[in-house]
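Source: prediction; values computed, not measured.
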Amino acid sequence: MEDLPLPALFEQARKIHAAATESAVDQEVVKKGCQALHRCEDMVNNLGLFSSNETKEDISTANLKYILVPFYLAELMEKIAQEDRLQILKASQAKLKEFISFCEAMELVPKEELESYIEGAPKTVVDQRARKIARFKRQRAAESKLLEIKERKERRGRSTKAAALSTPVEAGEEEVLDDDGEEEREAWTTTISLAICKALDLLDMLKKEEEMLSAVKDRQSKDGAEFSRDVLDERAKKAEAWHRDAAVRARYTKPSPPITCATFAQDVLEGRAKASEAHDHKHQPLIFGPASLVNGSLTTERERMAAQVFQPSHRMPTMSIEEAGLKEMEIMNKWQERNVKLMEEANSSWHNDRKSKPGEDDDEDDDAAQEKARAWDDWKDDNPRGAGNKKLTPCG
């Protein structure tokens, strides 16, 4: 690793950082990445690539990517597993502050972020929320821009390859490589902007974690109770032994009969009854209130009034679920029996005879109807329509 040049060493460390960010990696790999970044940092300082008198326009495109070395180092250091977590947090915060300070000198930090970073955390929740939303929007815009630049490079590479295959290269003609410095500079500038957003978020998170760990450490030092790994292992062994013994005892214990009444089960859970007591599944109205009134007997009028104060606002059920089911079954049985009786009466001979009796006088009814119709026809012949209205007769 020491023999590698700065570009190759930085590319190797950047790959380790990308792998550690996307998924969990081995601690040895993380430490190797930290060593590579420390080596990059020493080489950048020895070569004097950056100066305090320069601005972002003065930095060459090839050296612009080395601004990210402290940021990558801070993120990798935060992932190191160590007993003294406070030391890791402080070292990571120092690298993040170094990265933000250098970007501030290069005028790469947005104005609103710079004001909040210098003045400290915002005082109100509204300001903090607005700052996080603005930072998230900048982060999404930077990610979209990097994706657009990547797709643009891929399309140009495919078109260049296709043109090279279709057009033969003449003898003596040199191959012209597409080295778009402006696009590369734009990509690294956008990457630095994205890293600034992530660095500010990570710095806030590490500060909160440091405050919590410091509070826990102070509390432990005051109480004088240091929870070591041996104490925690002993407690875990006791818990496992208790569960194992309970599982063995459960094989030989006789389970209690199930409670089939919902009201009695609620009484058992709330301590008003015991599961071993006999229960005839009769519903008793629930009494709400203090334990002294619920468990005791309401002997005086004062106790009865106090118990009524704590009654619920809604109406309580007058029967249990089992009693309601039995009541509904009884109603359905009666309804089915009534339907069976009606069907039997409809199919009986008495009902059929009753329907046939009125048919005996059909002939007499037909004769009377014919005589009535004939009389009505005769009357209409003698009294034509409109004969009784004198207003309808002209000159009458």
Under 4.0 Å between a side-chain nitrogen and a carboxylate oxygen: does that hold for [X] and [Y]?
X	Y	answer
Glu57	Arg185	no
Lys334	Glu330	yes
Lys145	Glu186	yes
Asp204	Arg131	yes
Lys56	Glu107	no
Glu148	Lys153	no
Glu209	Arg85	yes
Arg14	Glu11	yes

Task: Neighbour count above 12 (heavy atom, 6.0 Å) for Glu154 CD - done: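 Atom CD in Glu154 is packed in, count exceeds 12.
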
TODO: Mark yes when over 12 heavy atoms from residues, nucleotides or ligands other than Arg152 sit less than 6.0 Å from its CZ; otherwise mark no.
DONE: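 Yes, because the 6.0 Å sphere around CZ of Arg152 holds more than 12 heavy atoms from other groups.
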
Between [atom1] on residue [X] and [atom2] on residue [Y], distance to nearest 0.5 Å:
X	Y	atom1	atom2	value
Asp366	Gln370	CG	CD	6.5 Å
Lys31	Glu28	NZ	CD	5.5 Å
Phe50	Tyr66	CZ	OH	8.5 Å
Asp382	Asp377	CG	CG	11.0 Å
Thr190	Leu147	OG1	CG	12.0 Å
Ile67	Ile59	CD1	CD1	4.0 Å

Between [X] and [Y], which heavy-atom pair has the shortest distance, and what is it?
X	Y	result
Ser92	Ala74	OG-O, 2.9 Å
Ile80	Cys34	CD1-SG, 3.9 Å
Pro70	Phe99	CB-CB, 3.9 Å
Met77	Lys95	SD-CG, 4.2 Å
Cys197	Arg135	O-CD, 3.7 Å
Ile16	Val29	CG2-O, 3.5 Å

State plainly whether one hydrophobic cluster holds both [X] and [Y], where clusters connect Ile, Leu, Val, Met, Phe, Trp and Tyr through side-chain heavy atoms under 4.5 angstrom apart.
X	Y	answer
Phe136	Leu203	no
Leu194	Phe71	no
Leu202	Leu213	yes

TODO: Go through the steps for Glu345 and Leu342 under the test side chain to side chain contact (heavy atoms under 4.5 Å, CB included), then give the verdict.
DONE: CA-CA 5 Å; Glu345 290 180 359; Leu342 292 176; 4.3 Å; yes

Open item on the list: Using the rule given for salt bridge (Lys or Arg N to Asp or Glu O under 4.0 Å), can you reason through Lys327 versus Glu322, listing the C-alpha separation, both sets of side-chain angles and the distance that settles it, and then say yes or no?
Closed with: CA-CA 9 Å; Lys327 194 74 174 179; Glu322 293 81 6; over 6 Å; no

[Y] side chain reached by [X] side chain, heavy atoms, under 4.5 Å:
X	Y	answer
Glu323	Ser320	yes
Arg138	Ser193	no
Arg140	Glu143	yes

TODO: Test Trp188 against Leu68 for side chain to side chain contact (heavy atoms under 4.5 Å, CB included), laying out the working first.
DONE: CA-CA 9 Å; Trp188 284 115; Leu68 297 169; 3.9 Å; yes

Open item on the list: Consider side chain to side chain contact (heavy atoms under 4.5 Å, CB included). Of Ile149, Ile196, Leu146, Leu64, which one does Thr191 pass it with?
Closed with: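 Only one of Ile149, Ile196, Leu146, Leu64 forms a side chain to side chain contact (heavy atoms under 4.5 Å, CB included) with Thr191, namely Leu146.
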
Task: Verdict with reasoning, Leu49 to Leu6, per side chain to side chain contact (heavy atoms under 4.5 Å, CB included) - done: CA-CA 11 Å; Leu49 297 181; Leu6 180 58; 3.9 Å; yes

Open item on the list: Can a donor-acceptor pair be found, under 3.5 Å and without considering hydrogens, that links the side chain of Asp201 to the backbone of Lys198?
Closed with: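 Side chain of Asp201 to backbone of Lys198, a donor-acceptor pair under 3.5 Å: no, none is there.
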
Open item on the list: Assess the residue pair Glu41 and Glu98 against the criterion (side chain to side chain contact (heavy atoms under 4.5 Å, CB included)); give the C-alpha distance rounded to whole Å, side-chain angles, the decisive distance to 0.1 Å, and a yes or no.
Closed with: CA-CA 12 Å; Glu41 194 173 23; Glu98 179 183 348; 3.4 Å; yes

